[in-house]
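We use all heavy atoms of the structure for the numbers below, so side chains are in, but hydrogens, waters and symmetry mates are not.
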Amino acid sequence: MNNNATYNAPNLRTLAEGVLQPLGYEVLDVQVQNPGRRPIVVIRMDRLDEQPVTVEDLETASRAVGAEFDRVDPIAGEYRLELESPGAKRPLTRARHYERMLGLKARVRSDGHSFIAPIKAVDGEQVTFDVGGEDVTLTVGTFQGNLAEFPDRHR
């Protein structure tokens, strides 16, 4: 085991996207957990057709990304690769993600804002939230958003 593991998270995302997009998947988030010891690369993915992610999807994606990471060797030393569906804390990174979840609560963090509020409207790249009865409109890409409420059905 190499305790001096080095990696480049944007590079990991680019590698994963290059393999997964042609297979019909979208990379929502790439995180490297446990840095400094044996890193765990966690890739949250969704299907481009917006159908639920299946176990078979995760297996297909894991094999494809694993083969590409083995070929490129983007991390020095040992690491573990995990692919997962977005789950209850789904990252919301594009306007269409907010459109799919209209009416549900999102956790929003940016330099000037930190709140949990329902998604009220989406107009282009502008997302409006109902924060205590007041509209707060932010531009996608200028804040971090995650689903804070699990939908009662797939969206």
Side-chain angles (χ1 to χ4, degrees), residues 5 7-75 77-110 113-130 138-155:
Y7 48 84
N8 178 328
N11 185 42
L12 297 176
R13 183 183 188 101
T14 300
L15 288 172
E17 287 173 342
V19 172
L20 294 179
Q21 284 180 345
L23 297 175
Y25 303 114
E26 175 181 19
V27 175
L28 298 175
D29 189 33
V30 176
Q31 294 181 351
V32 178
Q33 300 173 351
N34 203 25
R37 298 193 302 262
R38 183 175 178 210
I40 303 167
V41 179
V42 179
I43 299 173
R44 283 193 189 85
M45 57 171 262
D46 205 357
R47 290 173 52 135
L48 288 172
D49 65 6
E50 299 184 349
Q51 293 302 304
V53 175
T54 66
V55 171
E56 292 79 15
D57 291 326
L58 293 170
E59 289 171 351
T60 298
S62 183
R63 280 192 300 273
V65 172
E68 181 67 359
F69 279 23
D70 286 348
R71 184 184 74 77
V72 176
D73 198 21
I75 298 178
E78 295 181 29
Y79 65 94
R80 189 169 78 214
L81 177 64
E82 295 181 2
L83 277 88
E84 57 186 42
S85 62
K89 294 182 181 177
R90 164 186 292 274
L92 303 169
T93 58
R94 293 179 169 70
R96 71 180 180 79
H97 295 159
Y98 289 93
E99 288 171 356
R100 281 176 63 189
M101 302 302 167
L102 272 173
L104 294 179
K105 291 179 183 174
R107 179 180 312 276
V108 175
R109 289 176 303 281
S110 72
H113 299 280
S114 181
F115 57 81
I116 296 175
I119 303 164
K120 184 174 179 180
V122 180
D123 183 12
E125 294 295 305
Q126 302 293 308
V127 182
T128 301
F129 301 91
D130 179 359
L138 302 171
T139 303
V140 173
T142 65
F143 65 96
Q144 252 188 321
N146 292 80
L147 197 58
E149 173 180 20
F150 202 73
D152 58 356
R153 59 176 168 52
H154 178 74
R155 293 187 174 193

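Residues satisfying the salt bridge (Lys or Arg N to Asp or Glu O under 4.0 Å) test with E17, not counting sequence neighbours, are R13. Listed by chain and residue number, Q33, I40, E82, E84 satisfy the side chain to side chain contact (heavy atoms under 4.5 Å, CB included) test with V42 (two or more places apart in sequence, or in another chain). Applying the side chain to side chain contact (heavy atoms under 4.5 Å, CB included) rule to S114 yields the partners R109; only residues at least two apart in sequence or on another chain are considered.
Side-chain contact between L83 and I43: present, with at least one pair of heavy atoms (C-beta onward) separated by less than 4.5 Å. Taking the side chain as every heavy atom from C-beta outward, F69 and L12 approach each other to under 4.5 Å. Taking the side chain as every heavy atom from C-beta outward, L92 and R90 approach each other to under 4.5 Å. Annotation: side chain of R100 is in contact with side chain of D46 (closest heavy-atom distance under 4.5 Å).
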Fill in: Intermediate values then yes/no, salt bridge (Lys or Arg N to Asp or Glu O under 4.0 Å), R71 and E68
CA-CA 5 Å; R71 184 184 74 77; E68 181 67 359; 2.9 Å; yes

Fill in: Residue pair T54, D57: steps toward the side chain to side chain donor-acceptor pair (under 3.5 Å) verdict
CA-CA 5 Å; T54 66; D57 291 326; 3.1 Å; yes

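To the nearest 0.5 angstrom, Q126 atom CD is 12.0 Å from Y98 atom OH.
Summarising the geometry of L48 relative to Q21, their closest heavy-atom pair is CD1-O, 3.8 Å, with the distance given to 0.1 Å. Scanning all heavy atoms of the two residues, the minimum distance from I116 to K105 falls at CG2-CB, 4.1 Å. Of all heavy-atom pairs between Y25 and M45, the closest is CD2-CE, 3.4 Å. Of all the heavy atoms in A106 and F129, the pair that sits closest is CB-CE2, 4.0 Å.
With a 6.0 Å radius and a threshold of 12 heavy atoms from other residues, nucleotides or ligands, R47 has its CZ atom above the threshold. The environment of D123 atom CG is sparse: at most 12 non-hydrogen atoms of other residues, nucleotides or ligands sit within 6.0 angstrom.
Each of H97, R44, Q144 was checked for a side-chain contact (heavy atoms from CB on, under 4.5 Å) with P91, and the lone residue meeting it is R44.
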